[in-house]
Amino acid sequence: MSVPFLWLVSILCMLVTALPVARAAQSDPVTSTRATATLVTDDDTYSPGRALHVGLRLQLTPGWHTYWLNPGDAGDAPTLVVNAQGGATGRASTIEWPTPRVLHEGPLTSYAYTGDVLLPVTLTPVAGEGEGPLTLNAVAEWLVCAEVCVPEHGTFSLSLPRGAAQPSAQAAAFAQAAAARPVASPFAARLSPEGIMQLRGRELSPDSVRDAWFMPEVAGAIDQDAAQALTVRDGVVQLALHPGPEFHGGANLSGIVVLRDGMGRERGLQVRPEPGTVSVLAAPVAAPDARANVGVLLLMAFAGGVILNLMPCVFPVLAMKILALERMARGARGAALAGAAAYGAGVVVSFVALGGVIAALRVAGHQAGWGFQFQSVGFVTVICLLLFAVALNLLGVFTIGLRLMGVGSSLPAHAGDFLTGVLAVVLASPCTAPFMGAAVAAALAASPVVGVVVFAALGLGLAAPYLVLAAMPGLLAWLPRPGRWMETVRTLLALPVLATCVWLGWVAKLEGGMDALTLLGAGLVLVGIGCWSLRCANRLDLRDAMEGRAGLYRAVATLSLLAAFIGGAVLPPATLHDRGTARVADGSSAYSPTRLAELRRQGRPVFVDMTAAWCISCLVNERVALSSQSVQKAFAQRGIIYMKGDWTLRDAAITAFLQAHGRDGVPFYAYYPAHGEEVILPEILTPAIVLDTIAPAGK
C-alpha cells in the first residue's frame, strides 16, 4: 500500500468536502439577446413562518446594464412583486438592493448593475389551507440599456414543497447579494446646508480611506455628474456634494457612502446624515505611497504567521515538531536544514493554495472566508480521521511512513516534512492571530500578485521559528541525548492529538447531528482496523514465508483506510440535510443585523462576538475572558447585550458583517457603546481587555 497515495486521497476528500452542496430552485427563464431572467429562491422547501428569500436573477449580456433604486440621470428601477398561494400565502415587493456601480455615460451618470445580479425580496409564508406545495407567482419589469434602452417584462412561477430547510443551488447567490448590501454606518454623519457631508469615526484615516463617493436614494437630491471632492483626516472623511433641485437643505437625505481603501476593498455604508453646520476641512491630503502600504501589509502578515504558532489550533502539530527537533539535534546539519526547508515549503505552498481556493470560490459566487472548509461536516470528518491515524502512529500501533516530522520513516527526500507543513496549515486555518485578520482580508481584496505575496508571508511567519532553530544548531544542544525517554514522550504527545479528535467529533455533531457522529465513529473503527493491519503486515514482512499473508493485511489496510476517508468525505454531505441550528451560549442572543440595528437605535450597549465551534481560539476566549465572572458581572451591571454570531455553519449575514469590517475569519469582537462609535477588540482576549473596553478608566 502506498501511504503517499492515502495522503493524496485525504487531501482530495478535504477539497471536495469544503465545497458547498447545493440543489436547484428556480423558474423557467425569460430570455432575450440582452438578458436572461429567472425567479429563484434560497431554499428548496418552505415552511409557514420561516422567512423565504425570493429574487429576480438577471444575467446580463456584456455591455448591458440595469438600474438601482435611484437610476441616476436616466433609466428606471426594476420592480418585482411576488405572491404566494397554495399551502401558504404571502406577498413581497420591497427589493433589498445591493450596492450599485457608478456608470458615466458621456455627460450622464447612472447607478447600475452589470453582469449577474440578484435582486432579492423576503417573503414569510402564512399557513394556508392544507400542507400542500407553495406556488410563487411573480411579475417583474426591468430596463436594460447599452447604447439604447429596452424595457423588459416577465411573469414567473415556481413551486416549492413543504419541509425542513434545504439550501438551494441559488443560496450562494443570495449570500453574495446579502454581502453586497450596504450596512448601517458605524460613523456619525452630518450634512451642511451647502452640501458638505462628513463622517466621523476613529477608524477613518488617509490609510483606511483612499477614495469615497455618495449615491443618494432620491433622484435630483445632488448633482451626480459633478465631482465629489474628498478630504480625509484622521477620524474624518469629508465629501463636497453639489446640491440638486430635490436637496431641500439635506433634510431626510439618505443613501450609500462607499469607502475604498488602499487595497481596493469597497465598503458600502447606509447613511442618513443629520442636517447641521460642519467645520469644513481644508484641501485633501495626499495619500501615502501604495508601496508603503504593501510593505506594512507584508509585515503584518509575517507577524501574524509567527504569532499563529502560539495559537491552540496548532497544538497537535507541536507533537510532531518536538520529535522533529530531537531528530535534528542528533542528525547531520545538512539534513536538518533540508527537512526544515521542506516543512517551510509545505507551509508556504499550503497558505498560497488555500488563499487561491478562497479567492476562486468568491469569484464563483460562494461566500468563503478564512476557515471556510471547517464549515463542512465532511471536511471535519476527514481531518478527524487523519489525526486519529497520526495518534495511532505516535502510540506505535503502526510505523509505516508518513515521516511526519520524525513520525515514521518511509517517505524519501523529506516528503513527510513537507506534508507536516500542509497539515500545520490545515489545522491552523480555523484560527486568526493578531495582525492576521486584516492581512488575510486585504490579501483577498488585493491584486492576485499582492495576494500571493501576502499569503506567502503568512506561511513564512508560521514556519520561521522552526527554520531559525534549524539554522542555529547551537540552540539544539540544550536538548537531552536520545534514549528510552523518547518513547515515553512520543506516547504522551499522542494525547493532545487524540484530544483534538474528540473536539472535532463535537464539531461534527454540531454541524451534522447524530448521523454525522455515527458515521465518524464508523470511520474511526475502519482507521483503527487499517492501522492494525499495517502493523501486522510490517511484522510479517520480516518472514519471507509469510509474504502472502502480509499482502492480505495490506489489502485489508488499503480497503479500510480508503473506505474511512472516502466515506467521511462523501457520506455526510450526501445524507445529512437537517444540520440543526447554530449554537448560542447561555446568556447571549443570536446575532441578527436587524436586531443589532434596532438595539443601537434604542441606545442599548451591545457586545458582538463572532465565533465558531471549530475555532479553538474563539473557545479559549469565551472560557477565559467572556465567561469569566468579572466580565459577566460587568455586562449585567451596565445592561450590555451579549450578541453571538455563530459561524460554525455557513451564514451569509455573519460573512457580510465580517467583510464589512475588513475581516474574513473568526474570532472577531466589536463593542457598541450606548452612545458612541464601535470599538474593535483584539483577537486574543483577557478579562482585563474586555473590562477596559466596556468600562474605560475614568468612566
Side-chain angles (χ1 to χ4, degrees), residues 68-73 97 99-104 107-112 181-262 264-288 597 600-601 603 660-662 672-673 675-679:
W68 181 48
L69 170 67
N70 171 13
D73 289 328
W97 300 95
T99 302
R101 295 176 53 194
V102 179
L103 296 182
H104 298 288
L108 302 179
T109 298
S110 300
Y111 305 125
R181 286 201 296 272
V183 299
S185 173
F187 311 118
R190 183 173 287 271
L191 181 66
S192 76
E194 297 77 26
I196 303 298
M197 178 184 292
Q198 287 186 354
L199 302 181
R200 292 185 175 270
R202 284 186 296 181
E203 295 180 27
L204 302 173
S205 70
D207 291 329
S208 63
V209 179
R210 301 293 297 275
D211 197 5
W213 58 93
F214 173 70
M215 297 177 288
E217 293 181 351
V218 177
I222 64 171
D223 181 357
Q224 48 215 15
D225 303 319
Q228 301 177 3
L230 171 65
T231 306
V232 183
R233 296 282 192 275
D234 287 336
V236 185
V237 168
Q238 174 180 290
L239 284 170
L241 309 178
H242 293 254
E246 301 299 324
F247 185 73
H248 303 312
N252 297 322
L253 178 67
S254 61
I256 300 174
V257 171
V258 179
L259 304 180
R260 178 187 291 161
D261 65 15
R265 296 176 299 176
E266 294 182 1
R267 181 180 180 185
L269 304 177
Q270 187 74 42
V271 298
R272 185 183 291 272
E274 294 184 4
T277 59
V278 299
S279 299
V280 180
L281 302 180
V285 177
R600 296 195 65 194
R601 282 194 294 268
H661 288 81
Y672 297 88
H675 303 287
E677 302 158 8
E678 69 175 351
V679 180

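Looking at L259 and S208, their side chains never come closer than 4.5 Å, going by heavy atoms from C-beta outward. Between P186 and L269, some side-chain heavy-atom pair lies under the 4.5 Å cut-off. Residues R210 and V232 form no side-chain contact, since every pair of their non-hydrogen atoms from C-beta on lies 4.5 Å or further apart. In this structure the side chain of E266 never reaches within 4.5 angstrom of the side chain of T99, judged on heavy atoms. Side-chain contact check for T109 versus L103: every heavy-atom pair is 4.5 Å or farther apart. Here the side chains of I256 and F214 are not in contact, with every heavy-atom distance at 4.5 Å or above. Under the 4.5 Å side-chain criterion, counting only non-hydrogen atoms from C-beta, V258 is not in contact with V102. Contact check for L230 versus D211: side-chain heavy atoms found under the 4.5 Å cut-off.
Nearest heavy-atom pair, P243 versus L241, reported as atom, atom and distance to 0.1 Å: CD-O, 3.5 Å. Nearest heavy-atom pair across P275 and R190 is O-NH1, 3.7 Å. The heavy-atom pair separating Y111 from P216 by the smallest distance is OH-CD, 3.6 Å. Closest of all the heavy-atom pairs between N70 and E217 is CB-O, 3.5 Å. For the residue pair L239 and Q228, the shortest heavy atom distance occurs at CD2-O, 4.0 Å. The two atoms that bring F247 and P193 nearest to each other are CE2-O, 3.5 Å, heavy atoms only.
By the salt bridge (charged side-chain N to carboxylate O under 4.0 Å, His left out) test, D234 pairs with no residue at all, sequence neighbours left out. Judged as a side-chain contact (heavy atoms from CB on, under 4.5 Å), and not counting sequence neighbours, the contacts of A240 are I196, A229. Taking S185 as the reference, nothing meets the side chain to side chain donor-acceptor pair (under 3.5 Å) condition, with sequence neighbours excluded. Listed by chain and residue number, R267 satisfy the salt bridge (charged side-chain N to carboxylate O under 4.0 Å, His left out) test with E203 (two or more places apart in sequence, or in another chain). Contacts of H242 classified as side-chain contact (heavy atoms from CB on, under 4.5 Å), with partners at least two apart in sequence or in another chain: D223, A226. Annotation: salt bridge (charged side-chain N to carboxylate O under 4.0 Å, His left out) contacts of R600 (sequence neighbours excluded): none.
For the atom pair CZ of R233 and OG of S205, the computed distance is 12.5 Å after rounding to the nearest 0.5 Å. Taking OG1 of T277 as the start and CG of L191 as the end, the distance is 11.5 Å to the nearest 0.5 Å.
Of the possible donor and acceptor atoms, none in the side chain of Q224 sits under 3.5 Å from a partner among the backbone N and O of G244. Using a distance-only test at 3.5 Å, with no hydrogens or angles considered, no donor-acceptor pair links the side chain of E246 to the main chain of V218.
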What do the steps show when you test M197 against V257 for side-chain contact (heavy atoms from CB on, under 4.5 Å), and what is the final call? CA-CA 10 Å; M197 178 184 292; V257 171; 3.8 Å; yes
